[in-house]
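Single-structure report; data block below.
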Amino acid sequence: TNIYYNLADSYLKNDQLASAYAYLQKSKNAFALINNTDYLPFLDGNLGVYLMKSGKLEEAEPLLLSGAQELATSVPEAAIEYYNYLTDLAQEQGDLSAAETYANTALELGEPISSHTILTETYYNLYELSEAQNDPVKALAYFKTYKAFQDKAMNLSNIQNMANLRNAFE
């Protein structure tokens, strides 16, 4: 993989936007040099994340959507992450209908793969959306599911950490 892309992704996750953008551009150039188009949906998606975090919501949406749609079958975890960003973006724009569509798409993609970490965010988005739509029954149901997924993700993480410690001592 492209180290520039990995650095850009890391900087994005830590909200270091200037560095993220610089490495996204370097990554794009590196992939172009080796004529690798497999990462274009990831680049689109992460550029969309950068633009969203920079407050450029209208520019971010088509890039996030392109990345999400192209990765939906090959890397659903990445697509779900981009749909979660799209949900947040639509809510920020006040478009609750679009937010609900994006959140439900993320949920549809996530249920077959049972990724608790990613679905935790999706259920939280659905909880917030139901709350914004003044639907307390749905909001409570989504919040309970969110907490259950959050607990399960934390338990899995703790089990992995304990296994890593055990391996370190052996």
Side-chain angles (χ1 to χ4, degrees), residues 1-126 128-129 149-150 153-154 156-157 160-161 163-164 167-168:
T1 62
N2 182 329
I3 193 163
Y4 293 136
Y5 174 80
N6 292 339
L7 286 167
D9 192 49
S10 180
Y11 283 125
L12 266 179
K13 287 185 169 116
N14 291 306
D15 291 327
Q16 296 175 332
L17 301 182
S19 296
Y21 183 75
Y23 282 107
L24 280 170
Q25 293 305 314
K26 287 181 180 189
S27 178
K28 186 176 183 180
N29 294 338
F31 284 128
L33 283 174
I34 60 173
N35 200 24
N36 184 339
T37 59
D38 294 341
Y39 276 83
L40 288 179
F42 293 101
L43 288 171
D44 282 350
N46 277 356
L47 188 54
V49 172
Y50 162 77
L51 290 167
M52 182 180 163
K53 288 183 174 191
S54 298
K56 300 174 183 176
L57 304 182
E58 289 178 13
E59 293 175 53
E61 188 172 16
L63 290 167
L64 285 166
L65 190 55
S66 170
Q69 289 172 336
E70 289 185 46
L71 293 168
T73 55
S74 59
V75 188
E77 296 87 353
I80 293 165
E81 187 175 345
Y82 295 143
Y83 277 117
N84 284 334
Y85 277 111
L86 283 161
T87 301
D88 292 340
L89 184 146
Q91 279 189 281
E92 282 186 45
Q93 292 176 322
D95 189 348
L96 299 183
S97 176
E100 186 172 27
T101 299
Y102 293 140
N104 285 323
T105 303
L107 188 59
E108 287 171 20
L109 289 172
E111 285 179 334
I113 59 172
S114 296
S115 177
H116 297 294
T117 306
I118 294 173
L119 285 177
T120 299
E121 178 69 22
T122 303
Y123 278 110
Y124 187 78
N125 283 341
L126 286 164
E128 283 189 322
L129 185 59
F149 272 70
Q150 184 183 43
M154 289 292 283
L156 291 172
S157 176
Q160 182 63 49
N161 288 339
N164 290 342
N167 286 338

Would you confirm whether T87, through its side chain, and Y83, through its main-chain N or O, come within 3.5 Å as a donor-acceptor pair? yes

Closest heavy-atom pair and its distance - A78, F42: CB-CE2, 3.8 Å

For the residue pair N46 and Y5, confirm or rule out a side-chain donor-acceptor distance under 3.5 Å. yes

Measure across L126 and L107 and return the closest heavy-atom pair with its distance rounded to 0.1 Å. CD1-CD2, 3.8 Å

Establish, from distance only, whether the side-chain atoms of Y82 and E70 form a donor-acceptor pair under 3.5 Å. no

Locate the shortest heavy-atom distance separating L17 from S54; write the atom from each residue and the value. CD1-OG, 3.8 Å

Non-hydrogen atoms of A60 and L51 that approach each other most closely: CB-CB, 3.8 Å

Side-chain contact test, heavy atoms from C-beta onward, threshold under 4.5 Å: evaluate it for D88 versus Y102 and give yes or no. no

Locate the shortest heavy-atom distance separating L71 from P41; write the atom from each residue and the value. CG-CB, 3.6 Å

Check against side-chain contact (heavy atoms from CB on, under 4.5 Å), I118 and I113: CA-CA 10 Å; I118 294 173; I113 59 172; 5.8 Å; no

Student check: side-chain heavy atoms of L24 and Y4 closer than 4.5 Å: no

Check: T101 main-chain N/O paired with T105 side-chain donor or acceptor under 3.5 Å: yes

Listed by chain and number, what are the ring-ring contact (aromatic ring centres under 6.0 Å, His included) partners of Y11, not counting sequence neighbours? Y23

Once you round to the nearest 0.5 Å, how far does CG of D44 lie from CG of L63? 5.0 Å

Any side-chain heavy-atom pair from E121 and E81 closer than 4.5 angstrom? no

Measure the spacing between CG of L57 and CG of L86 and express it to the nearest 0.5 Å. 11.0 Å

Angle between ring planes, F31 versus Y39, binned at 30° and 60°: parallel, tilted or perpendicular? parallel

Would you say the side-chain atoms of K53 pair up with the backbone N or O of L12, donor to acceptor, closer than 3.5 Å? yes

Of the non-hydrogen atoms in Q91 and L96, which two are nearest, and what is the gap between them? CG-CD2, 4.3 Å

Yes or no on side-chain contact (heavy atoms from CB on, under 4.5 Å) for N6 and D9, after CA distance, side-chain angles and deciding distance? CA-CA 5 Å; N6 292 339; D9 192 49; 5.6 Å; no

